[in-house]
Trainee: 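Can you keep this structure in mind? I'll have questions shortly.
Order of the sequence lines sets the chain letters (A, B, ...), proteins ahead of strands, with each chain counted from 1.
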Number of protein chains: 2
Amino acid sequence: MPIPRAAQTQRRTRIQEEKEEQILEAALDVFSQHGFKGATIDHIAEVAGMSKPNLLYYFRTKEAMHRALIERVLDTWLDPLRAFNAEGNPESEIRSYIRRKLEMARDYPRESRLFANEVLRGAPLIEDELKGPLKELVDEKAEVIRAWAKAGKIAKCDPYHLIFSIWSTTQHYADFDVQVRAVLGQEKDGDGRFEDAARFLEQLFMGGLSIRG
Amino acid sequence: MPIPRAAQTQRRTRIQEEKEEQILEAALDVFSQHGFKGATIDHIAEVAGMSKPNLLYYFRTKEAMHRALIERVLDTWLDPLRAFNAEGNPESEIRSYIRRKLEMARDYPRESRLFANEVLRGAPLIEDELKGPLKELVDEKAEVIRAWAKAGKIAKCDPYHLIFSIWSTTQHYADFDVQVRAVLGQEKDGDGRFEDAARFLEQLFMGGLSIRG
DNA sequence: CAATAATTTGACCGTTTGGTAAACATTACA
DNA sequence: TGTAATGTTTACCAAACGGTCAAATTATTG
(Lines give C-alpha, C1' and ligand atoms only; values in the text may rest on other atoms or scores of the structure.)
Protein backbone atom coordinates (compact mmCIF):
# COMPACT_ATOMS: atom_id res chain seq x y z
CA MET A 1 0.00 0.00 0.00
CA PRO A 2 1.99 2.98 -1.25
CA ILE A 3 1.82 6.09 0.84
CA PRO A 4 0.62 8.94 -1.33
CA ARG A 5 3.06 11.73 -0.87
CA ALA A 6 1.56 15.13 -0.33
CA ALA A 7 3.36 16.50 -3.33
CA GLN A 8 1.77 13.92 -5.57
CA THR A 9 -1.85 14.39 -4.61
CA GLN A 10 -4.18 16.23 -6.88
CA ARG A 11 -5.79 18.54 -4.37
CA ARG A 12 -3.95 19.88 -1.37
CA THR A 13 -5.57 19.50 1.97
CA ARG A 14 -5.72 22.11 4.69
CA ILE A 15 -3.00 20.32 6.63
CA GLN A 16 -0.76 20.22 3.59
CA GLU A 17 -1.05 23.96 3.06
CA GLU A 18 -0.33 24.70 6.68
CA LYS A 19 2.55 22.31 7.10
CA GLU A 20 4.23 23.19 3.84
CA GLU A 21 4.09 26.83 4.81
CA GLN A 22 5.49 26.02 8.22
CA ILE A 23 8.32 24.04 6.68
CA LEU A 24 9.26 26.65 4.10
CA GLU A 25 9.34 29.30 6.80
CA ALA A 26 11.77 27.22 8.83
CA ALA A 27 13.74 26.29 5.74
CA LEU A 28 14.14 29.96 4.86
CA ASP A 29 15.61 30.55 8.28
CA VAL A 30 18.11 27.75 8.04
CA PHE A 31 19.07 27.85 4.37
CA SER A 32 19.61 31.60 4.39
CA GLN A 33 21.84 31.36 7.41
CA HIS A 34 23.87 28.28 6.55
CA GLY A 35 23.62 27.85 2.79
CA PHE A 36 22.43 24.73 1.05
CA LYS A 37 25.16 22.36 2.21
CA GLY A 38 25.41 23.87 5.66
CA ALA A 39 21.72 23.43 6.33
CA THR A 40 20.60 20.08 7.71
CA ILE A 41 17.18 18.52 7.51
CA ASP A 42 17.33 17.87 11.24
CA HIS A 43 17.91 21.53 11.93
CA ILE A 44 15.06 22.63 9.69
CA ALA A 45 12.80 20.06 11.31
CA GLU A 46 13.71 21.36 14.73
CA VAL A 47 12.95 24.95 13.75
CA ALA A 48 9.72 23.88 12.10
CA GLY A 49 8.77 21.98 15.24
CA MET A 50 8.29 18.61 13.62
CA SER A 51 10.13 15.37 13.09
CA LYS A 52 12.51 14.77 10.23
CA PRO A 53 10.51 12.04 8.51
CA ASN A 54 7.50 14.26 8.78
CA LEU A 55 9.36 16.95 6.82
CA LEU A 56 10.32 14.39 4.23
CA TYR A 57 6.69 13.45 3.88
CA TYR A 58 6.01 16.88 2.44
CA PHE A 59 9.28 17.41 0.59
CA ARG A 60 10.94 14.24 -0.55
CA THR A 61 14.47 15.60 -0.58
CA LYS A 62 16.43 18.48 0.81
CA GLU A 63 16.88 19.73 -2.71
CA ALA A 64 13.14 19.70 -3.36
CA MET A 65 12.66 21.88 -0.30
CA HIS A 66 15.32 24.26 -1.44
CA ARG A 67 13.93 24.40 -4.94
CA ALA A 68 10.40 25.12 -3.78
CA LEU A 69 11.69 27.82 -1.50
CA ILE A 70 13.94 29.58 -3.94
CA GLU A 71 11.44 29.57 -6.75
CA ARG A 72 8.91 31.26 -4.53
CA VAL A 73 11.44 33.79 -3.34
CA LEU A 74 12.73 34.56 -6.79
CA ASP A 75 9.22 35.36 -7.91
CA THR A 76 8.44 37.91 -5.22
CA TRP A 77 11.99 39.17 -5.40
CA LEU A 78 11.42 40.61 -8.83
CA ASP A 79 8.20 42.41 -7.98
CA PRO A 80 9.84 45.81 -7.59
CA LEU A 81 11.41 45.55 -11.01
CA ARG A 82 8.10 44.49 -12.53
CA ALA A 83 6.51 47.57 -10.98
CA PHE A 84 8.98 49.69 -12.89
CA ASN A 85 6.74 51.71 -15.15
CA ALA A 86 7.65 53.06 -18.58
CA GLU A 87 4.84 55.62 -18.44
CA GLY A 88 5.94 57.24 -15.18
CA ASN A 89 8.63 59.86 -15.08
CA PRO A 90 12.21 58.65 -14.76
CA GLU A 91 12.99 60.42 -11.52
CA SER A 92 10.15 59.03 -9.46
CA GLU A 93 10.37 55.58 -11.06
CA ILE A 94 14.05 55.14 -10.35
CA ARG A 95 13.73 56.74 -6.95
CA SER A 96 10.95 54.47 -5.86
CA TYR A 97 12.63 51.42 -7.33
CA ILE A 98 15.69 52.08 -5.22
CA ARG A 99 13.56 52.65 -2.18
CA ARG A 100 11.55 49.47 -2.68
CA LYS A 101 14.66 47.40 -3.15
CA LEU A 102 16.17 48.91 -0.03
CA GLU A 103 12.99 48.22 1.92
CA MET A 104 13.11 44.62 0.80
CA ALA A 105 16.71 44.31 1.97
CA ARG A 106 15.57 45.65 5.33
CA ASP A 107 12.34 43.68 5.64
CA TYR A 108 13.33 40.43 3.94
CA PRO A 109 17.03 39.91 4.57
CA ARG A 110 16.63 36.14 4.72
CA GLU A 111 15.25 36.04 1.20
CA SER A 112 18.10 38.19 -0.01
CA ARG A 113 20.70 35.97 1.59
CA LEU A 114 19.07 32.81 0.32
CA PHE A 115 19.31 34.20 -3.17
CA ALA A 116 22.88 35.39 -2.67
CA ASN A 117 23.91 31.97 -1.43
CA GLU A 118 22.36 30.32 -4.44
CA VAL A 119 23.99 32.63 -6.97
CA LEU A 120 27.34 32.41 -5.19
CA ARG A 121 27.45 28.66 -5.58
CA GLY A 122 26.72 28.95 -9.28
CA ALA A 123 22.92 28.99 -9.21
CA PRO A 124 22.52 25.33 -10.17
CA LEU A 125 18.83 25.35 -9.35
CA ILE A 126 17.83 28.56 -11.07
CA GLU A 127 20.14 28.84 -14.01
CA ASP A 128 17.22 28.51 -16.40
CA GLU A 129 15.18 31.08 -14.50
CA LEU A 130 18.03 33.55 -14.75
CA LYS A 131 18.67 33.04 -18.43
CA GLY A 132 14.95 32.99 -19.27
CA PRO A 133 12.38 35.01 -17.34
CA LEU A 134 14.87 37.15 -15.46
CA LYS A 135 16.82 38.12 -18.55
CA GLU A 136 13.62 38.92 -20.43
CA LEU A 137 12.37 41.14 -17.64
CA VAL A 138 15.67 42.98 -17.41
CA ASP A 139 15.86 43.34 -21.18
CA GLU A 140 12.42 44.91 -21.18
CA LYS A 141 13.21 47.39 -18.43
CA ALA A 142 16.61 48.17 -19.90
CA GLU A 143 14.84 49.20 -23.06
CA VAL A 144 12.69 51.60 -21.08
CA ILE A 145 15.73 53.17 -19.50
CA ARG A 146 17.48 53.42 -22.82
CA ALA A 147 14.44 55.24 -24.25
CA TRP A 148 14.52 57.69 -21.37
CA ALA A 149 18.16 58.38 -22.06
CA LYS A 150 17.52 58.82 -25.76
CA ALA A 151 14.76 61.31 -24.99
CA GLY A 152 17.21 63.26 -22.85
CA LYS A 153 15.26 62.65 -19.65
CA ILE A 154 18.27 61.08 -17.97
CA ALA A 155 21.96 60.93 -18.78
CA LYS A 156 23.08 58.38 -21.33
CA CYS A 157 24.27 55.27 -19.53
CA ASP A 158 24.37 51.51 -19.81
CA PRO A 159 20.96 50.44 -18.49
CA TYR A 160 22.09 46.92 -17.56
CA HIS A 161 24.89 48.13 -15.36
CA LEU A 162 22.53 50.67 -13.86
CA ILE A 163 20.20 47.89 -12.82
CA PHE A 164 23.11 45.80 -11.51
CA SER A 165 24.31 48.71 -9.42
CA ILE A 166 20.89 49.23 -7.89
CA TRP A 167 20.65 45.53 -7.07
CA SER A 168 24.09 45.37 -5.56
CA THR A 169 23.98 48.53 -3.48
CA THR A 170 20.61 47.73 -1.94
CA GLN A 171 21.09 44.02 -1.38
CA HIS A 172 24.45 44.74 0.18
CA TYR A 173 22.64 45.88 3.32
CA ALA A 174 21.04 42.46 3.70
CA ASP A 175 23.81 40.18 2.46
CA PHE A 176 26.72 41.97 4.13
CA ASP A 177 24.78 43.07 7.17
CA VAL A 178 27.42 41.73 9.55
CA GLN A 179 30.10 43.77 7.88
CA VAL A 180 27.97 46.90 7.70
CA ARG A 181 27.21 46.60 11.39
CA ALA A 182 30.84 45.98 12.26
CA VAL A 183 31.96 49.10 10.44
CA LEU A 184 29.18 51.43 11.53
CA GLY A 185 29.20 50.27 15.13
CA GLN A 186 26.26 50.39 17.48
CA GLU A 187 25.68 54.12 17.21
CA LYS A 188 23.02 54.06 14.55
CA ASP A 189 20.03 51.81 15.04
CA GLY A 190 18.16 50.01 12.30
CA ASP A 191 15.91 52.83 11.18
CA GLY A 192 18.52 55.57 11.27
CA ARG A 193 20.87 53.39 9.28
CA PHE A 194 18.18 52.68 6.74
CA GLU A 195 17.41 56.35 6.27
CA ASP A 196 21.08 57.22 5.86
CA ALA A 197 21.48 54.55 3.21
CA ALA A 198 18.33 55.65 1.40
CA ARG A 199 19.41 59.27 1.37
CA PHE A 200 22.87 58.42 0.11
CA LEU A 201 21.68 56.09 -2.63
CA GLU A 202 19.11 58.58 -3.90
CA GLN A 203 21.79 61.24 -4.06
CA LEU A 204 24.18 58.88 -5.80
CA PHE A 205 21.80 57.69 -8.47
CA MET A 206 20.05 60.99 -9.06
CA GLY A 207 23.40 62.70 -9.45
CA GLY A 208 24.86 59.90 -11.50
CA LEU A 209 21.95 60.09 -13.90
CA SER A 210 22.07 63.88 -13.98
CA ILE A 211 18.66 64.21 -12.43
CA ARG A 212 18.38 67.22 -10.16
CA GLY A 213 17.38 66.11 -6.67
CA MET B 1 57.70 10.13 19.43
CA PRO B 2 55.44 13.05 18.64
CA ILE B 3 55.35 14.10 15.03
CA PRO B 4 56.19 17.79 14.84
CA ARG B 5 53.43 19.40 12.89
CA ALA B 6 54.56 21.85 10.26
CA ALA B 7 52.62 24.62 11.90
CA GLN B 8 54.42 24.08 15.17
CA THR B 9 58.00 24.12 13.96
CA GLN B 10 60.11 27.18 14.48
CA ARG B 11 61.54 27.52 11.01
CA ARG B 12 59.61 26.52 7.94
CA THR B 13 61.32 24.28 5.48
CA ARG B 14 61.25 24.67 1.74
CA ILE B 15 58.78 21.82 1.45
CA GLN B 16 56.51 23.38 4.00
CA GLU B 17 56.38 26.66 2.13
CA GLU B 18 55.65 24.95 -1.14
CA LYS B 19 53.05 22.56 0.13
CA GLU B 20 51.20 25.09 2.22
CA GLU B 21 51.02 27.34 -0.81
CA GLN B 22 49.78 24.47 -2.92
CA ILE B 23 47.13 23.60 -0.36
CA LEU B 24 45.86 27.14 0.08
CA GLU B 25 45.59 27.54 -3.67
CA ALA B 26 43.43 24.43 -3.88
CA ALA B 27 41.48 25.44 -0.81
CA LEU B 28 40.70 28.80 -2.36
CA ASP B 29 39.28 27.01 -5.36
CA VAL B 30 37.05 24.75 -3.33
CA PHE B 31 35.99 27.02 -0.48
CA SER B 32 35.09 29.89 -2.80
CA GLN B 33 32.97 27.61 -4.92
CA HIS B 34 31.22 25.57 -2.25
CA GLY B 35 31.42 27.60 0.95
CA PHE B 36 32.88 26.33 4.20
CA LYS B 37 30.41 23.53 4.85
CA GLY B 38 30.11 22.54 1.23
CA ALA B 39 33.84 22.11 0.85
CA THR B 40 35.31 18.75 1.81
CA ILE B 41 38.87 17.94 2.77
CA ASP B 42 38.86 15.11 0.27
CA HIS B 43 37.95 17.49 -2.50
CA ILE B 44 40.64 20.00 -1.56
CA ALA B 45 43.17 17.20 -1.33
CA GLU B 46 42.23 16.00 -4.78
CA VAL B 47 42.59 19.49 -6.27
CA ALA B 48 45.88 19.98 -4.46
CA GLY B 49 47.09 16.63 -5.79
CA MET B 50 47.88 15.09 -2.43
CA SER B 51 46.39 12.69 0.06
CA LYS B 52 43.98 13.77 2.78
CA PRO B 53 46.24 12.87 5.72
CA ASN B 54 48.99 14.80 4.02
CA LEU B 55 46.79 17.89 3.97
CA LEU B 56 46.02 17.42 7.62
CA TYR B 57 49.72 17.24 8.32
CA TYR B 58 50.04 20.88 7.31
CA PHE B 59 46.68 22.13 8.55
CA ARG B 60 45.30 20.22 11.47
CA THR B 61 41.66 20.95 10.79
CA LYS B 62 39.46 22.16 8.01
CA GLU B 63 38.79 25.29 10.00
CA ALA B 64 42.51 26.01 10.39
CA MET B 65 42.84 25.86 6.63
CA HIS B 66 39.92 28.18 6.14
CA ARG B 67 41.20 30.59 8.74
CA ALA B 68 44.69 30.77 7.25
CA LEU B 69 43.19 31.33 3.84
CA ILE B 70 40.71 34.01 4.75
CA GLU B 71 43.13 35.98 6.85
CA ARG B 72 45.54 36.15 3.98
CA VAL B 73 42.81 37.15 1.57
CA LEU B 74 41.35 39.78 3.87
CA ASP B 75 44.72 41.42 4.12
CA THR B 76 45.34 41.82 0.41
CA TRP B 77 41.69 42.58 -0.11
CA LEU B 78 42.00 45.88 1.67
CA ASP B 79 45.07 47.07 -0.20
CA PRO B 80 43.11 49.31 -2.59
CA LEU B 81 41.47 51.08 0.31
CA ARG B 82 44.81 51.51 2.06
CA ALA B 83 46.16 53.10 -1.11
CA PHE B 84 43.43 55.71 -0.89
CA ASN B 85 45.41 58.89 -0.42
CA ALA B 86 44.25 61.98 1.46
CA GLU B 87 46.81 64.16 -0.33
CA GLY B 88 45.68 63.29 -3.83
CA ASN B 89 42.76 65.01 -5.48
CA PRO B 90 39.31 63.53 -4.88
CA GLU B 91 38.48 62.81 -8.48
CA SER B 92 41.52 60.72 -9.31
CA GLU B 93 41.56 59.02 -5.92
CA ILE B 94 37.95 57.88 -6.09
CA ARG B 95 38.23 57.05 -9.75
CA SER B 96 41.26 54.88 -9.29
CA TYR B 97 39.82 53.26 -6.18
CA ILE B 98 36.79 52.16 -8.15
CA ARG B 99 38.94 50.92 -10.96
CA ARG B 100 41.23 48.97 -8.65
CA LYS B 101 38.31 47.33 -6.90
CA LEU B 102 36.78 46.43 -10.22
CA GLU B 103 40.06 44.97 -11.43
CA MET B 104 40.24 42.87 -8.32
CA ALA B 105 36.73 41.56 -8.92
CA ARG B 106 37.83 40.61 -12.41
CA ASP B 107 41.25 39.19 -11.55
CA TYR B 108 40.51 37.61 -8.17
CA PRO B 109 36.89 36.48 -8.22
CA ARG B 110 37.63 33.49 -5.99
CA GLU B 111 38.93 35.72 -3.24
CA SER B 112 35.85 37.89 -3.50
CA ARG B 113 33.53 34.92 -3.30
CA LEU B 114 35.41 33.41 -0.41
CA PHE B 115 34.93 36.63 1.47
CA ALA B 116 31.29 36.92 0.48
CA ASN B 117 30.62 33.39 1.67
CA GLU B 118 32.24 34.13 4.99
CA VAL B 119 30.31 37.35 5.59
CA LEU B 120 27.06 35.75 4.46
CA ARG B 121 27.30 33.06 7.09
CA GLY B 122 27.87 35.65 9.79
CA ALA B 123 31.65 36.01 9.57
CA PRO B 124 32.37 33.78 12.60
CA LEU B 125 36.08 33.65 11.81
CA ILE B 126 36.71 37.31 11.11
CA GLU B 127 34.28 39.13 13.34
CA ASP B 128 37.14 40.64 15.31
CA GLU B 129 38.98 41.66 12.17
CA LEU B 130 35.90 43.46 10.92
CA LYS B 131 35.19 45.28 14.16
CA GLY B 132 38.85 46.12 14.69
CA PRO B 133 41.31 46.74 11.85
CA LEU B 134 38.67 46.99 9.12
CA LYS B 135 36.54 49.48 11.02
CA GLU B 136 39.59 51.57 11.88
CA LEU B 137 40.73 51.69 8.28
CA VAL B 138 37.27 52.66 7.06
CA ASP B 139 36.92 55.27 9.80
CA GLU B 140 40.18 56.82 8.71
CA LYS B 141 39.27 56.97 5.04
CA ALA B 142 35.76 58.16 5.82
CA GLU B 143 37.32 61.11 7.60
CA VAL B 144 39.30 61.94 4.48
CA ILE B 145 36.17 61.89 2.36
CA ARG B 146 34.32 63.99 4.88
CA ALA B 147 37.10 66.56 4.77
CA TRP B 148 36.90 66.68 0.98
CA ALA B 149 33.17 67.30 1.21
CA LYS B 150 33.64 70.00 3.81
CA ALA B 151 36.18 71.71 1.57
CA GLY B 152 33.64 71.67 -1.23
CA LYS B 153 35.73 69.39 -3.42
CA ILE B 154 32.96 66.84 -3.67
CA ALA B 155 29.27 66.88 -2.83
CA LYS B 156 28.31 66.37 0.79
CA CYS B 157 27.49 62.74 1.36
CA ASP B 158 27.72 59.98 3.92
CA PRO B 159 31.26 58.64 3.44
CA TYR B 160 30.49 55.23 4.93
CA HIS B 161 27.67 54.53 2.55
CA LEU B 162 29.83 55.81 -0.29
CA ILE B 163 32.43 53.20 0.56
CA PHE B 164 29.78 50.50 0.92
CA SER B 165 28.38 51.35 -2.48
CA ILE B 166 31.79 51.13 -4.11
CA TRP B 167 32.39 47.77 -2.46
CA SER B 168 29.03 46.37 -3.43
CA THR B 169 28.92 47.55 -7.03
CA THR B 170 32.39 46.30 -7.84
CA GLN B 171 32.29 43.01 -5.95
CA HIS B 172 28.93 42.29 -7.54
CA TYR B 173 30.74 41.39 -10.75
CA ALA B 174 32.66 38.64 -8.97
CA ASP B 175 30.07 37.37 -6.50
CA PHE B 176 27.06 37.47 -8.82
CA ASP B 177 29.00 36.62 -11.94
CA VAL B 178 26.59 33.85 -12.90
CA GLN B 179 23.66 36.22 -12.76
CA VAL B 180 25.47 38.97 -14.64
CA ARG B 181 26.38 36.52 -17.36
CA ALA B 182 22.86 35.14 -17.54
CA VAL B 183 21.39 38.61 -18.01
CA LEU B 184 23.97 40.00 -20.41
CA GLY B 185 24.18 36.85 -22.50
CA GLN B 186 27.18 35.78 -24.51
CA GLU B 187 27.37 38.90 -26.64
CA LYS B 188 29.94 40.75 -24.60
CA ASP B 189 33.12 38.97 -23.69
CA GLY B 190 35.09 39.44 -20.50
CA ASP B 191 37.04 42.56 -21.44
CA GLY B 192 34.17 44.39 -23.13
CA ARG B 193 31.97 43.71 -20.15
CA PHE B 194 34.63 44.98 -17.80
CA GLU B 195 35.05 48.20 -19.74
CA ASP B 196 31.30 48.79 -19.84
CA ALA B 197 31.07 48.32 -16.09
CA ALA B 198 34.04 50.58 -15.46
CA ARG B 199 32.62 53.33 -17.66
CA PHE B 200 29.22 53.13 -16.02
CA LEU B 201 30.55 53.13 -12.46
CA GLU B 202 32.82 56.08 -13.11
CA GLN B 203 29.91 58.00 -14.55
CA LEU B 204 27.69 57.03 -11.64
CA PHE B 205 30.08 57.99 -8.87
CA MET B 206 31.50 61.08 -10.53
CA GLY B 207 28.00 62.35 -11.16
CA GLY B 208 26.73 61.29 -7.77
CA LEU B 209 29.52 63.19 -6.11
CA SER B 210 29.04 66.19 -8.39
CA ILE B 211 32.45 65.79 -9.92
CA ARG B 212 32.51 66.73 -13.57
CA GLY B 213 33.81 63.83 -15.68
C1' DC C 1 77.09 6.87 5.14
C1' DA C 2 74.52 6.55 9.15
C1' DA C 3 71.05 8.31 11.82
C1' DT C 4 67.69 11.45 12.86
C1' DA C 5 64.03 14.45 11.52
C1' DA C 6 60.44 15.48 8.26
C1' DT C 7 57.00 13.93 5.10
C1' DT C 8 53.60 10.79 2.97
C1' DT C 9 50.21 7.20 2.79
C1' DG C 10 46.72 3.26 3.36
C1' DA C 11 43.73 1.61 6.61
C1' DC C 12 40.69 2.80 9.86
C1' DC C 13 37.17 5.11 13.27
C1' DG C 14 33.27 7.63 15.21
C1' DT C 15 29.90 10.95 13.96
C1' DT C 16 26.82 13.29 11.08
C1' DT C 17 23.70 13.30 7.53
C1' DG C 18 20.16 12.40 3.88
C1' DG C 19 16.86 9.32 3.42
C1' DT C 20 13.80 4.81 4.21
C1' DA C 21 10.52 1.20 6.27
C1' DA C 22 6.89 0.14 8.63
C1' DA C 23 3.94 0.60 12.41
C1' DC C 24 0.85 3.79 14.52
C1' DA C 25 -2.39 7.82 14.79
C1' DT C 26 -5.52 10.96 12.91
C1' DT C 27 -8.64 13.00 9.68
C1' DA C 28 -12.18 13.07 6.10
C1' DC C 29 -16.14 11.30 4.36
C1' DA C 30 -19.78 7.80 2.71
C1' DT D 1 -19.74 5.17 12.74
C1' DG D 2 -16.77 2.54 10.00
C1' DT D 3 -13.23 2.68 6.78
C1' DA D 4 -10.02 4.32 3.65
C1' DA D 5 -6.88 8.07 2.91
C1' DT D 6 -3.81 11.06 5.05
C1' DG D 7 -0.48 12.27 8.45
C1' DT D 8 3.16 11.19 12.18
C1' DT D 9 6.71 8.77 14.59
C1' DT D 10 10.31 5.37 16.13
C1' DA D 11 13.92 2.78 14.67
C1' DC D 12 17.11 2.22 11.36
C1' DC D 13 20.58 2.26 7.22
C1' DA D 14 24.31 3.41 4.04
C1' DA D 15 27.20 6.91 2.50
C1' DA D 16 29.96 10.87 3.36
C1' DC D 17 32.84 13.25 6.21
C1' DG D 18 36.40 15.06 9.56
C1' DG D 19 40.02 13.31 11.61
C1' DT D 20 43.62 9.64 13.66
C1' DC D 21 47.36 6.12 13.67
C1' DA D 22 51.17 3.61 12.70
C1' DA D 23 54.01 2.21 9.30
C1' DA D 24 56.70 3.48 5.26
C1' DT D 25 59.29 6.76 2.59
C1' DT D 26 62.12 10.73 1.74
C1' DA D 27 65.07 14.62 3.02
C1' DT D 28 68.62 16.66 6.05
C1' DT D 29 72.70 16.73 8.50
C1' DG D 30 76.73 15.32 11.48
Trainee: I'd like a list of close polar pairs between nucleotides 10-17 of chain C and the protein, N/O only, cut-off under 3.5 Å.
Mentor:
none

Trainee: Taking NE2 from B:His34 and P from D:dG18, how many angstroms apart are they, rounded to a whole number?
Mentor: 13 Å
Trainee: Output the rounded distance in Å from OH (B:Tyr58) to P (D:dG19).
Mentor: 18 Å
Trainee: What's the CZ-P distance between B:Phe36 and D:dC17, to the nearest Å?
Mentor: 14 Å
Trainee: Rounded off to whole Å, could you give me the CD-to-P distance for the A:Glu18 and C:dT27 pair?
Mentor: 11 Å
Trainee: Stems involving DNA chain C: give each as a range paired with a range, ordered by first number, where a stem means at least three consecutive Watson-Crick or G-U wobble pairs under 3.5 Å.
Mentor: C:1-30 with D:1-30
Trainee: Under 4.0 Å between a side-chain N/O of B:Asn54 and OP1 or OP2 of C:dT9, yes or no?
Mentor: yes
Trainee: Restricting to non-hydrogen atoms, name the atom on A:Arg82 and the atom on A:Lys141 that form the minimum distance, rounded to 0.1 Å.
Mentor: O-NZ, 3.5 Å
Trainee: What is the minimum heavy-atom distance between B:Ala105 and B:Ala174, and which atoms define it?
Mentor: O-CB, 3.6 Å
Trainee: Is it the case that the side chain of A:Gln22 and the backbone of A:Ala48 share a donor-acceptor pair, with hydrogens and angles ignored and the cut-off at 3.5 Å?
Mentor: yes
Trainee: Should the pair B:Glu103-B:Arg100 be classified as a salt bridge under the 4.0 Å nitrogen-to-oxygen rule?
Mentor: no
Trainee: In whole angstrom, what separates B:Leu55's CG from D:dC21's P?
Mentor: 18 Å
Trainee: Measure from the side-chain heavy atoms of A:Tyr57 and tell me the nearest of C:dT7, D:dT20, D:dT6.
Mentor: D:dT6
Trainee: Without decimals, in angstroms, what is the distance between B:Leu56 CG and C:dT7 C1'?
Mentor: 14 Å
Trainee: For atom NZ of B:Lys135, decide whether the heavy atoms of other residues, nucleotides or ligands shown that lie under 6.0 angstrom number more than 12.
Mentor: yes
Trainee: Counting only side-chain N and O atoms of B:Lys19, is one of them less than 4.0 Å from OP1 or OP2 of C:dA6?
Mentor: no
Trainee: Where does the angle between the aromatic ring planes of A:Phe115 and B:Phe176 fall among parallel (under 30°), tilted (30 to 60°) and perpendicular (over 60°)?
Mentor: tilted
Trainee: Of A:Arg110, A:His43, A:His34, which meets side chain to side chain donor-acceptor pair (under 3.5 Å) against A:Asp29?
Mentor: A:Arg110
Trainee: Is the number of heavy atoms from other residues, nucleotides or ligands within 6.0 Å of OH (B:Tyr108) greater than 12?
Mentor: no
Trainee: Atom CD of B:Glu17 to atom P of C:dT7: distance rounded to whole Å?
Mentor: 11 Å
Trainee: Between the side chain of A:Lys101 and the main-chain N/O of A:Thr169, is any donor-acceptor distance below 3.5 Å?
Mentor: no
Trainee: Please give, in whole Å, the distance from D:dG18 P to B:Phe59 CZ?
Mentor: 16 Å
Trainee: Can you tell me if B:Gln16 touches the phosphate of C:dT7, counting only side-chain N or O atoms and a distance under 4.0 Å to OP1 or OP2?
Mentor: yes
